[in-house]
Amino acid sequence: MPLDQIGQTLASFYDSLVSEGVPEHLAALVRRVRQSEVAPAEPAPPYAAAPIVSGERLALVVEDDPEVRALAETLLEETELGVIGCDSAEEALEVLRTRGGEVALVFADVRLAGAMDGLQLVRAISTLWPRARLVLTSGHGVRRPEMPADAVFIPKPWRAFEILVEAERATSEPSPPVA
């Protein structure tokens, strides 16, 4: 079963997940996915129009500063990954909901626009799409925050080389097994 379908399946079990003690940030994610399934159709977001190339792997850049996001996107476009930029965790989760099985790398800032921050985002991705390589960054004096053990923290200002190394790892190292 593709990982994006696993995420959708988990969303269908929202009530039982909450009763079993799923952390609130994951419960909120599941609630949003369920609501989007019954919400009236909206125009497709720009990333949905991106052509799906068979076997293409994606890098997801989640940054609310447009200049920093553009810089990271431009850098990652030099790799073999397709690149999608998002300015909020909620937008990133929507991309993952539709194309999660293709996402090899998520590069996210700790502070984001919207209700969720980058820490909540990487925790949700670690649970729902465990094969994605997670890279978190912050320029606010944050040392490695409490996050999944397999996630990488790169403080700002990051160097292009650091991001390219993580992109290479996302495409060349085996994905972690799905538990």
For this session: Take D65 and D109 through the side-chain contact (heavy atoms from CB on, under 4.5 Å) test and state the conclusion after the steps.
Result: CA-CA 9 Å; D65 182 322; D109 192 9; over 6 Å; no
Exercise. Taking E90 for the side chain and M116 for the main chain, is one N or O donor matched with an acceptor at less than 3.5 Å?
Worked result: yes
Problem set entry | Derivation of the side-chain contact (heavy atoms from CB on, under 4.5 Å) call for L96 and L128 | CA-CA 9 Å; L96 286 157; L128 298 172; over 6 Å; no
Exercise. In Å and rounded to the nearest 0.5 Å, what is the CZ to CD distance from R131 to E102?
Worked result: 14.5 Å
For this session: Specify the closest pair of heavy atoms between G85 and E91, including all atoms of both residues, with the distance to one decimal.
Result: O-OE2, 3.8 Å
Exercise. Any donor and acceptor pair, going by atom type alone, linking the side chain of T137 with main-chain N or O of I154 inside 3.5 Å?
Worked result: yes
Problem set entry | Nearest non-hydrogen partners of A104 and A170, listed with the distance | O-CB, 3.5 Å
Exercise. Do R123 side-chain atoms and E146 backbone N/O form a donor-acceptor pair below 3.5 Å?
Worked result: yes
For this session: Identify which one of W158, F107, F161 satisfies the side chain to side chain contact (heavy atoms under 4.5 Å, CB included) criterion when paired with L75.
Result: W158
Exercise. Do you know the tightest heavy-atom contact between K156 and G139?
Worked result: CB-CA, 3.5 Å
Exercise. Going through the checks in order, is the side-chain contact (heavy atoms from CB on, under 4.5 Å) test met by V152 and R133?
Worked result: CA-CA 8 Å; V152 174; R133 183 160 192 84; 3.8 Å; yes
Seminar exercise, completed: One should read off an interatomic distance between W129 CH2 and L93 CG, to the nearest 0.5 angstrom, of 6.0 Å
Problem set entry | Atom CZ of R69 with >12 non-hydrogen neighbours under 6.0 angstrom | yes
Problem set entry | D64 versus A113, closest heavy-atom pair with distance | OD2-N, 3.3 Å
Seminar exercise, completed: So CG of L105 and CD of E168: to nearest 0.5 Å the spacing works out to 11.5 Å
For this session: Look only at the side chain of T74 and the backbone of A70, and say whether a donor-acceptor pair between them is shorter than 3.5 Å.
Result: yes
Exercise. Atom CD1 in I84, atom CG in L58: separation rounded to 0.5 Å?
Worked result: 4.5 Å
Seminar exercise, completed: Scanning both residues in full, the closest heavy-atom pair of V62 with S88 reads CG1-O, 3.6 Å
Exercise. With a 4.5 Å limit on heavy-atom distance, are the side chains of T79 and T171 in contact?
Worked result: no
Problem set entry | CA sep, side-chain torsions, deciding dist, call: L112, D117, side-chain contact (heavy atoms from CB on, under 4.5 Å) | CA-CA 5 Å; L112 297 170; D117 65 19; 5.5 Å; no
Seminar exercise, completed: So CD of E78 and CG of L81: to nearest 0.5 Å the spacing works out to 12.0 Å
Problem set entry | Distance-minimising heavy-atom pair for A59 and L76 | CB-CD1, 4.0 Å
Seminar exercise, completed: Value for CG (L71) from CD1 (I163), rounded to nearest 0.5 Å, stands at 9.0 Å
For this session: Would you kindly confirm whether V165 and L134 end up in one hydrophobic cluster when ILVMFWY residues are joined by side chain heavy atoms under 4.5 Å apart?
Result: no
